[in-house]
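For clarity, every value in this text was computed on a predicted model and none was experimentally measured.
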Amino acid sequence: LSLPRLPHCCKIVVAGHDLRASLADHFSAVANELPELDDHVSLESVPALVLAYQIYGDASREGELLSRNQFLRDPSAIPSGQVVRVLIDG
């Protein structure tokens, strides 16, 4: 039994649907591999170096903290109450 040939416009719709499904699968797989982030609020004004040590136990991760929070203007004094995004180590 042979199927009728689809018009060109239907082939485009089918291809678009297949692409959408493939992208959804891909993004679902990639999202599961992304690191988890959380918000951290310091109760006192501290340098990014100190905050990195307080959060990660490793002051050398200051650069990671700053690159994730590029809005921080002065790494020597992150104000108290400032929300910063931090990586949840799992």
Side-chain angles (χ1 to χ4, degrees):
L1 190 94
S2 75
L3 296 173
R5 290 180 51 116
L6 293 174
H8 185 65
C9 63
C10 291
K11 291 178 184 177
I12 292 172
V13 170
V14 169
H17 182 269
D18 291 346
L19 176 62
R20 181 185 167 280
S22 293
L23 286 172
D25 290 344
H26 171 74
F27 288 132
S28 292
V30 169
N32 290 331
E33 297 174 13
L34 291 174
E36 281 190 68
L37 297 175
D38 196 14
D39 290 337
H40 176 82
V41 180
S42 182
L43 300 177
E44 59 185 336
S45 180
V46 294
L49 189 72
V50 172
L51 190 58
Y53 183 78
Q54 290 174 345
I55 293 169
Y56 302 119
D58 183 357
S60 70
R61 293 179 70 179
E62 173 194 25
E64 173 187 331
L65 187 68
L66 292 172
S67 68
R68 185 166 285 109
N69 296 279
Q70 294 182 3
F71 58 87
L72 296 172
R73 296 175 192 253
D74 182 4
S76 67
I78 298 173
S80 63
Q82 175 67 60
V83 177
V84 293
R85 298 293 284 167
V86 297
L87 182 67
I88 297 174
D89 288 336

Chemist: Show me the donor-acceptor pairs, under 3.5 Å and distance only, between side chains in residues 13-21 and residues at least two apart or in other chains.
Modeler:
none

Chemist: Which atom pairs, donor and acceptor, lie under 3.5 Å between side-chain atoms of residues 26-50 and protein residues at least two apart or in another chain?
Modeler:
| from | atom 1 | to | atom 2 | distance (Å) |
| --- | --- | --- | --- | --- |
| Ser28 | OG | Ala24 | O | 3.0 |
| Asn32 | ND2 | Ser28 | O | 3.3 |
| Asp39 | OD1 | Arg85 | NH1 | 2.6 |
| Ser42 | OG | Glu44 | N | 3.4 |
| Ser42 | OG | Glu44 | O | 2.7 |
| Ser45 | OG | Ile78 | O | 3.3 |

Chemist: Only one of Leu51, Leu66, Asn69 passes side chain to side chain contact (heavy atoms under 4.5 Å, CB included) with Pro75; say which it is.
Modeler: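 Of the listed options, the one satisfying the test is Leu66.
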Chemist: For residues 52-63, pull every pair meeting side-chain hydrogen bond (donor to acceptor under 3.5 Å, both in side chains), keeping only residues two or more places apart or in separate chains.
Modeler: Asp58-Ser60, Arg61-Glu64, Arg61-Asp89
